[in-house]
Amino acid sequence: MTETNFIPENLSNIQEKGACTWKSPSNIALVKYWGKSDPQLPKNPSISFTLDACHTITTLKFQEKKVQDQQFSFDVFFEGKKKEAFKPKIVSFFERIEVYMPFLKEYHFEIHSENSFPHSSGIASSASGLSAIALCLMSMEKLMNPSMEQAYFNQKASFLARLGSGSAARSIEGELVVWGVHPEVVGSSDLYGVTLEQDVHPVFKKYQDTILLVDKGEKVVSSTVGHQLMHQHPFAKQRFEQARQNLAVMLTVLKNGDLDRFVEIVESEALTLHAMMMTSMPYFILMKPNTLEIIQKIGAFRARTQLHVCFTLDAGANVHVLYPANEKKEVLEFIENELVVFCQKNHYICDSAGNGAKLLNEDALNATKLEKQ
Ligand code: PMV
């Protein structure tokens, strides 16, 4: 597959208006993506668990413009309120994907989104948010090309989502998704995410992720700036190579269920991500004192109990606590007793690996299907 495969050729069943709603999840990377080249191509492959509870629900309403012009026309609403501030990001997303969605300027859109997690919880909503819009646009394209196959639908949804926010490419399917070319993952691509097809040990089924909300504030550095700083980074080359090696080991671990090795790689990846931020010029530090307190406590608890709990981090201060489903009772007790005090307002979110995005209103879609005369 190359980019040109995603330029539609046979859009015949033109729609006058319609609407669709998708629920799309967030994801948490085990091997991290940090560093990219234009247009949103990763410098190294990454792998993530698709999440279940943390998601965005987006409804896209579309209506053919009465007078055609050369502008993108849309209104965006977040949790019921019009959000002008979200528009520039969506305009640049539309600009990037227009060649693959050539009908965009022919319609007026209304985009209505809401998140299952509190806004300003420090949880990045770009993966779930942009994958949800990408999926809605794909539903629209599918109406115009009803013979489109599901595999192509998912691949192109991931491809479009990636052009909005890199990690969003991993939010279409589940439970484990690889994005970026890796010699040991058949079909892997820099253009879109692919579900991991190999055998996965049952211990990783419904793997638990409890997200400790350490800092709900806005990020001090956008991930766009962070990725850019990898261009002149003194350790970039070694880092990209290390990620490739860690992914190779992770593939074996996911097969054989070696949780000790899993813990080692996941924690090292999280700390390496932050080490890259701390050693860029200018540097930035996204961890907070409570992030470190939690990390220390998790290490001590693991040593004491021999349980397989570990931490990972996104580009922020919150801590994702990962553990197998059969250790849930003990780990939740530990979180309640020892970690919750380090969370803002004692807040945390219980999540687990999930199966990917879902179309919520197929009926409405069919009901609004109109053939153009
Ligand atoms: O998708 P972006 O451009 O916001 O990049 C975020 C990348 C990390 O979340 C920090 C790591 C990852 O692989 O998800």
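Given the structure is predicted, the values throughout are model-derived calculations rather than measurements. The basis for the numbers below is simple: all heavy atoms, side chains too, and nothing from hydrogens, waters or symmetry mates. For ligands, and for the atoms within them, numbers begin at 1 and follow the listed sequence.
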Original post:
Could Lys87 and Phe74 be counted as a cation-pi pair, given that NZ or CZ must be under 6.0 Å from the ring centre and within 45° of the axis?
Top reply: yes

Original post:
Does the ring of Phe72 carry Lys105 above it, NZ/CZ under 6.0 angstrom from centre and within 45° of its axis?
Top reply: yes

**OP:** Could you see which bit of Ser167 sits under 4.0 Å from ligand 1, with heavy atoms only: side chain, backbone, both or neither?
**Re:** both

[X]: numbered ligand 1 atoms lying under 4.0 Å from its heavy atoms:
| X | result |
| --- | --- |
| Ser165 | 1 (O), 2 (P), 4 (O) |
| Trp34 | 10 (C) |
| Ala29 | 12 (C), 13 (O), 14 (O) |
| Lys32 | 13 (O) |

Subject >> Heavy-atom check, side chain of Leu163 versus side chain of Tyr100, under 4.5 Å >> reply: yes

Original post:
Just wondering, do Leu30 and Leu322 contact through their side chains at under 4.5 Å, heavy atoms?
Top reply: yes

Subject >> Contacts of type side-chain contact (heavy atoms from CB on, under 4.5 Å), residue Asp260, not counting sequence neighbours >> reply: Asp258, His308

**OP:** Answer yes or no: does an N/O atom from His227 fall short of 3.5 Å to an N/O atom of ligand 1?
**Re:** yes

Original post:
If you measure every N/O of Ser46 against every N/O of ligand 1, is any gap under 3.5 Å?
Top reply: no

Subject >> Within the 6.0 Å centroid threshold, strictly below: Tyr207 and Phe262 >> reply: yes

**OP:** Pick, from Met276, Arg162, Arg170, Gln40, the option with the minimum heavy-atom distance to atom 12 (C) of ligand 1.
**Re:** Arg170

